[in-house]
Amino acid sequence: MSAMPQTGEIETRDFTTIERRGPVALVRYDRKDGLNALSRAAMRELTDIARMFNDDISTHVIVLTGTDKIFSAGADLKDPEMASGRDGGLMARRHALRVGPDMCDAWEALEQLTICAIEGHCIGGGVALVGSCDIRIAAQSASFRLPEIPLGMNMSWHSNPRLVNLMGPARAKLFVILGEALKAPDALDWRFVEEVVPDGAALDAAMDLAARAAAVPPVPLRMSKQSLEMAAKALNPVATYMDRDQFALAATGKDQTEAITAFLEKRAPRFTGE
């Protein structure tokens with residue numbers, strides 16, 4: 001097992017920084033573009049970071065956050081690598097579509113307690129990512145939205161059962177299907193987030209909770225998290241094992257092309273079901 005960075009050290013990567021504060025690690029995601037969209041390269045980096053923590057027995061709680069203005073605008077539709085992935089054959093497209101669910105699965109699989117601090121917008125893939133973590137703390141003006149269905153896609157990245165686990169099926173359907181913004185106070189009422197705090201205070205609240213969680217014995221913390229996860233999510237893989245194939249199928253329809261074209265042209269889409 002390789003040695004982990006020491007307390008106080010900050011590791012800088014292309015899109016993230018990792019700061020160690022004793023048994024707590026703070027992961028900041030910042031593309032420095034004002035949107036914090038999730039490119040394929042950024043998602044691979046976030047996946048690698050989660051997998052790195054698999055071998056870290058000195059970190060017991062991980063806090064994940066975006067910038068102080070936005071968590072993430074979701075998948076980067078203008079990412080050249082994402083566009084090129086749509087032009088390959090079926091095998092290549094299926095493989096390319098793994099990057100989002102792999103990222104979310106890697107964060108969900110961690111034995112450490114994971115806490116998200118959310119300021120500003122959290123959209124699409126950003127919602128999928130925070131939904132794969134354990135606890136979400138949102139600023140008062142934060143908002144959550146899933147635009148996938150209105151854009152002619154399905155909600156994938158293994159997210160649907162996670163949302164059902166948190167919200168229940170009826171509210172998960174409203175959240176997923178309508179694509180409407182869910183403001184932080186409503187997200188608290190719908191049980192998508194666990195705490196709402198004043199704007200600018202999400203990270204402080206997350207770090208306070210992390211310190212409290214890191215003070216408990218670390219082995220029971222990990223074992224308890226895993227047993228609770230299994231109780232809530234044992235059947236989740238059965239429900240989502242083909243959601244990237246559903247995404248690939250939806251991408252062949254004319255409605256998705258029309259939805260994205262209308263979005264980029266800033267006009268109302270005209271759907272036909274074709």
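Throughout, residue positions are numbered sequentially from 1 according to the sequence presented.
- In terms of modelled atom types and a separation under 3.5 Å, the side chain of Thr240 and the main chain of Asp243 share no donor-acceptor contact.
- Panel note: side chain Asp255, backbone Thr272; a donor-acceptor pair is recorded below 3.5 Å.
- Each of Val164, Leu163, Val127 was scored for a side chain to side chain contact (heavy atoms under 4.5 Å, CB included) with Val176, with one residue passing: Leu163.
- Asp134 places no side-chain N or O within donor-acceptor distance of the main-chain N or O of Ile115, the cut-off being under 3.5 Å.
- Atoms OH and CG, on Tyr29 and Leu38 in that order, are 4.5 Å from each other to the nearest 0.5 Å.
- Checked by atom type, the side-chain pair Thr47/Asp102 shows no donor-acceptor distance below 3.5 Å.
- Between Asp105 and Arg162 there is a salt bridge, since at least one side-chain N of the basic residue sits less than 4.0 Å from a carboxylate O of the acidic one.
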- Going through the checks in order, is the side-chain contact (heavy atoms from CB on, under 4.5 Å) test met by Glu45 and Arg13? CA-CA 8 Å; Glu45 183 170 297; Arg13 300 197 179 190; 3.4 Å; yes

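- The pair Glu195-Arg136 does not count as a salt bridge, with every side-chain nitrogen at least 4.0 angstrom from each carboxylate oxygen.
- Ion pairing between Glu258 and Lys254 fails under the 4.0 Å rule for side-chain N and carboxylate O.
- A salt bridge is defined here as a Lys NZ or Arg NE, NH1 or NH2 lying under 4.0 Å from an Asp or Glu carboxylate O, and Arg44 with Asp14 fails to meet this definition.
- Ser224 places no side-chain N or O within donor-acceptor distance of the main-chain N or O of Leu221, the cut-off being under 3.5 Å.
- At a threshold of 4.0 Å, the pair Arg20-Asp56 counts as salt-bridged, since one of the basic side-chain nitrogens sits closer than that to a carboxylate oxygen.
- Neither side chain, Asn160 nor Asn154, offers a donor N or O lying under 3.5 Å from an acceptor on the other.
- Remark: side-chain polar atoms of Glu119 are paired, donor with acceptor, to backbone N or O of Ala202 under 3.5 angstrom.
- Here the side chain of Thr65 pairs a donor or acceptor atom with the backbone of Ala117 at under 3.5 angstrom.
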